[in-house]
There are 2 protein chains.
Amino acid sequence: MDSHTHQRIRRDHATELAEDYVEVIDDIISKSGICRAVDLVEHFQVTHATVSNAVGRLVRDGFAKSQAYQPIELTAKGKRLASKARYRHETVKSFLRRLGVSEEAARIDSEGIEHHVGKETLDAMQRVLTEGWPAEPEAGE
Amino acid sequence: MDSHTHQRIRRDHATELAEDYVEVIDDIISKSGICRAVDLVEHFQVTHATVSNAVGRLVRDGFAKSQAYQPIELTAKGKRLASKARYRHETVKSFLRRLGVSEEAARIDSEGIEHHVGKETLDAMQRVLTEGWPAEPEAGE
DNA sequence: CGGATAACTTAGCCGATGCTAAGTTAGCAT
DNA sequence: ATGCTAACTTAGCATCGGCTAAGTTATCCG
Ligand SMILES: [Mn+2]
Ligand SMILES: [Mn+2]
Ligand SMILES: [Mn+2]
Ligand SMILES: [Mn+2]
């Protein structure tokens, strides 16, 4: 019964980096017009070589376009992933804030949690944000 | 300000597998007396070779003891990590259930989420389980 | 226009986590 | 006691996501 759980986790991890990258690339393009590798170096606190490899995988997987020494762009597929990732990320972060967690902790924890939140959990969090907490389980009555 | 977030995530990922392993090893020993590699193969749905390598890393890092072809045991350090991981894992899972998420989804999502929940978020979840939901943010009044 | 410099790529390395295939050991049943 | 079988290890491979070091290109300034 439990046999597929860890396969799901491994799959989540495989797509995690792509989700973080496209979301950030999309943000940077919105704010600055273009996204350069150096912006990603700064954001993720990794080296240029690491960003170059990661962007190469995004291109290979059809999420991004790039020509050597030129700014990075997203494909339609990349933009779709970015939207989905941002919605989930923001929902998780807002939910944690609503739970009483500080801005700092909500920012940090949501960055990891977001990738492991399935539809049902996401919907439950969203419901809290729009409709408030679910009913308490009443003891008597 | 945001510069350490992704380092935290990378650190979480590095310890994630060890946490899952020691928790499961501890469970299996509780239930069956001993834990064999084949039990972990079954649980994680990976091959024997993969388990053998992973257990090798646990031994290298001081979480487990093992002699060739013999059952796996945990060190004191391993047992401490298992307890901590189980507490966090169960808190996250119970919290999701409390949120209205199904048993199935809570089991799957908590398996990934647990590793990214910091102290503040964990405490907030635990508080909900013992004291109920935090106050709604009142509009008027 | 020509450098200097910043941005980027490439090569080569590492460890973690997965795999298959092949070899080894332990333990049970006859 | 011996041999079968299941359990386990080892070797060899792949990909990912990091790194450093070295080479390449773009860009901007004088
Ligand atoms: Mn994100
Ligand atoms: Mn993230
Ligand atoms: Mn766990
Ligand atoms: Mn887990």
Side-chain angles (χ1 to χ4, degrees), chain A residues 3-22 24-25 28-29 32-73 111-112 115-116, chain B residues 3-22 24-25 28-29 32-73 111-112 115-116:
Chain A
S3 61
H4 299 110
T5 301
H6 290 279
Q7 273 124 318
R8 225 292 296 273
I9 306 292
R10 290 194 289 271
R11 194 161 38 85
D12 291 344
H13 282 153
T15 53
E16 178 162 341
L17 198 109
E19 289 171 351
D20 284 342
Y21 267 75
V22 295
V24 168
I25 292 168
I28 292 171
I29 290 174
S32 319
I34 62 169
C35 176
R36 312 251 17 169
V38 68
D39 301 320
L40 302 173
V41 167
E42 170 67 19
H43 181 89
F44 290 112
Q45 295 281 295
V46 292
T47 65
H48 244 108
T50 297
V51 165
S52 210
N53 285 333
V55 171
R57 285 190 299 272
L58 291 181
V59 170
R60 182 202 60 190
D61 296 341
F63 295 117
K65 285 170 288 187
S66 78
Q67 292 160 284
Y69 301 96
Q70 290 311 123
I72 298 149
E73 285 168 60
E111 188 61 72
H115 310 283
H116 302 282
Chain B
S3 62
H4 299 110
T5 301
H6 290 280
Q7 274 124 317
R8 224 294 292 275
I9 306 291
R10 291 194 286 270
R11 197 162 34 89
D12 290 344
H13 282 153
T15 52
E16 177 162 340
L17 197 109
E19 291 171 350
D20 284 342
Y21 266 75
V22 296
V24 169
I25 291 168
I28 292 172
I29 290 174
S32 320
I34 62 169
C35 176
R36 311 255 14 173
V38 67
D39 300 321
L40 302 173
V41 167
E42 170 67 17
H43 181 88
F44 290 112
Q45 296 282 296
V46 292
T47 63
H48 243 109
T50 296
V51 165
S52 211
N53 285 333
V55 170
R57 286 191 299 273
L58 292 181
V59 170
R60 183 203 59 190
D61 296 340
F63 295 118
K65 285 169 288 184
S66 78
Q67 293 159 285
Y69 301 98
Q70 290 312 121
I72 298 149
E73 285 167 62
E111 189 61 72
H115 309 282
H116 302 282

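First the proteins, then the strands, lettered A, B, ... as listed; each starts at 1.
- The nearest pair of heavy atoms linking B:I9 to A:G112 is CD1-N, 3.3 Å.
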* Check the pair B:F44 / B:V51 against side-chain contact (heavy atoms from CB on, under 4.5 Å), numbers first and verdict last. => CA-CA 9 Å; B:F44 290 112; B:V51 165; 5.5 Å; no

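- Extent of DNA chain C lying under 4.0 Å from chain B heavy atoms, first and last nucleotide in 5' to 3' order, is C:dA16 to C:dA26.
- Here C:dT30 sits opposite D:dA1 as a Watson-Crick or G-U wobble pair (both hydrogen-bonding atom distances under 3.5 Å).
- One can place CD1 of B:I9 at 11 Å from P of D:dG18, the figure rounded to the nearest angstrom.
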* Asked: Would A:L58 and A:I72 satisfy side-chain contact (heavy atoms from CB on, under 4.5 Å), going step by step from the backbone distance to the final call?
  -> CA-CA 10 Å; A:L58 291 181; A:I72 298 149; 5.9 Å; no

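- Evaluation of the ring-ring contact (aromatic ring centres under 6.0 Å, His included) rule for A:H13 yields A:H116, B:H13 as partners, not counting sequence neighbours.
- Contact check, A:T50 against D:dG17: no side-chain N or O comes under 4.0 Å of OP1 or OP2.
- Across every non-hydrogen atom of B:I34 and B:R36, the tightest pair is CD1-CD, 3.8 Å.
- In the region residues 52-63 of chain B, proximity to DNA chain D at under 4.0 angstrom, judged on heavy atoms, holds for B:S52.
- Closest heavy-atom contact between B:H43 and B:V24: NE2-CG2, 3.4 Å.
- Rounded to whole angstrom, the span from the CZ atom of A:R36 across to the C1' atom of D:dT25 amounts to 11 Å.
- The shortest heavy-atom contact between B:D20 and A:H6 is OD2-CE1, 4.1 Å.
- Within 4.0 Å (heavy atoms only), A:A49 reaches at least one base atom of the nucleic acid.
- For B:S32, the side-chain contact (heavy atoms from CB on, under 4.5 Å) partners at least two apart in sequence or on another chain are B:I28.
- Of the residues in residues 12-21 of chain B, those with a non-hydrogen atom less than 4.0 angstrom from any atom of DNA chain C are B:L17.
- Once rounded to the nearest 0.5 Å, the distance linking CG of A:D39 with CD1 of A:I29 reads 10.0 Å.
- In terms of the salt bridge (Lys or Arg N to Asp or Glu O under 4.0 Å) criterion, A:R57 has no residue partners (sequence neighbours excluded).
- When the P atom of D:dC19 is taken as reference, atom CD of A:Q45 falls 10 Å away, rounded to whole Å.
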